[in-house]
Amino acid sequence: MKTSTLVRGSAAMSLLHTARNRFLFLVLSFIFWFSNFIYIPILPPYLETIGGDYTFIGMVLGSYGLMQFLFRLPFGILSDLIKVRKPFIIFGMVVSTLSCVTFAWADSLGWILLARSLAGVAAATWVAFTILFSSYFFRT
């Protein structure tokens, strides 16, 4: 009788732990993507007002995708090889924070290009986010 109670208690704790992880994942995902995209609607007009021409604005906007293209596959392969996801997620959150801080302190077009490129590197870590999220669900 004690064994069945212990097993049920263990299963309940595991379910609670998984629910907490899912909620934490949801909150972190919101913060992550919010920080990467909140400024996008005003970025091109802002760049134009501080002296950026259309070519440079295109470079800034395109740098995000280029960085994802260059880093997403290597991050995914590396996280699969070492079989851990959380360091990549933490790295992505730190780089995303660095990108936001760089944007906030940017006083020239070059810093804005760097900040948007960092946002692309941070977004490339999303591979680890999705793999970690799938681990919260059990196979039946």
Only one of Ile31, Ile38, Asn36 clears side-chain contact (heavy atoms from CB on, under 4.5 Å) with Phe34; which?
-> Ile38
Any link between Val94 and Leu98 through a network of hydrophobic side chains (Ile, Leu, Val, Met, Phe, Trp, Tyr) touching at under 4.5 Å?
-> no
So how far is it from Leu61 CG to Ile40 CD1, rounded to the nearest 0.5 Å?
-> 6.5 Å
Check whether Leu114 and Phe69 end up in the same hydrophobic cluster, where Ile, Leu, Val, Met, Phe, Trp and Tyr are linked by side-chain heavy atoms less than 4.5 Å apart.
-> yes
Say whether Met67 and Val60 are linked into one hydrophobic cluster, either directly or through other cluster members, by side-chain heavy-atom distances under 4.5 angstrom.
-> no
Hey, any chance Phe88 and Ile131 share a hydrophobic cluster, counting ILVMFWY side chains that come within less than 4.5 Å of each other, even indirectly?
-> no
Can you list the steps and then say if Ile57 with Leu43 is a side-chain contact (heavy atoms from CB on, under 4.5 Å)?
-> CA-CA 9 Å; Ile57 293 170; Leu43 185 59; over 6 Å; no
Spacing of CD1 belonging to Ile89 relative to CG belonging to Leu28, to within rounding of 0.5 Å = 8.0 Å
Using 30° and 60° as the class limits, which term best fits the ring planes of Trp33 and Trp126: parallel, tilted or perpendicular?
-> perpendicular
Is there a path of hydrophobic side-chain contacts, each under 4.5 Å between heavy atoms of I, L, V, M, F, W or Y residues, that connects Trp111 with Leu118?
-> yes
Exam field: side chain Ser117 to backbone Leu113, donor-acceptor pair closer than 3.5 Å | yes
Which residue pairs pass the ring pair (Phe, Tyr, Trp, His ring centres under 6.0 Å) test with at least one member in residues 39-61, sequence neighbours excluded?
-> Tyr39-Phe103
Do any side-chain atoms of residues 72-85 form donor-acceptor pairs under 3.5 angstrom with protein atoms, and if so which ones, sequence neighbours left out?
unit_1 : atom_1 : unit_2 : atom_2 : d
Arg72  : NE     : Gln68  : OE1    : 3.4
Arg72  : NH2    : Gln68  : OE1    : 2.5
Arg72  : NH2    : Ala123 : O      : 3.1
Ser79  : OG     : Phe75  : O      : 3.4
Ser79  : OG     : Gly76  : O      : 3.1
Ser79  : OG     : Arg85  : NH1    : 3.3
Asp80  : OD1    : Arg85  : NH1    : 3.3
Asp80  : OD1    : Arg85  : NH2    : 3.3
Arg85  : NH1    : Ser79  : O      : 2.6

Distance from Ile90 atom CD1 to Thr125 atom OG1, nearest 0.5 Å?
-> 11.0 Å
Roughly how far, to the nearest 0.5 Å, is CG of Leu47 from CG of Asp53?
-> 10.0 Å
Using a 4.5 Å cut-off on heavy atoms from C-beta on, say whether the side chain of Phe37 contacts that of Tyr64.
-> yes
Minimum heavy-atom distance Ala122-Gly92, with the two atoms named | CB-O, 3.5 Å
CG on Leu66 to CE on Met59, rounded to 0.5 Å | 10.5 Å
Is there a side-chain contact between Met93 and Phe129 (heavy atoms, below 4.5 Å)?
-> yes
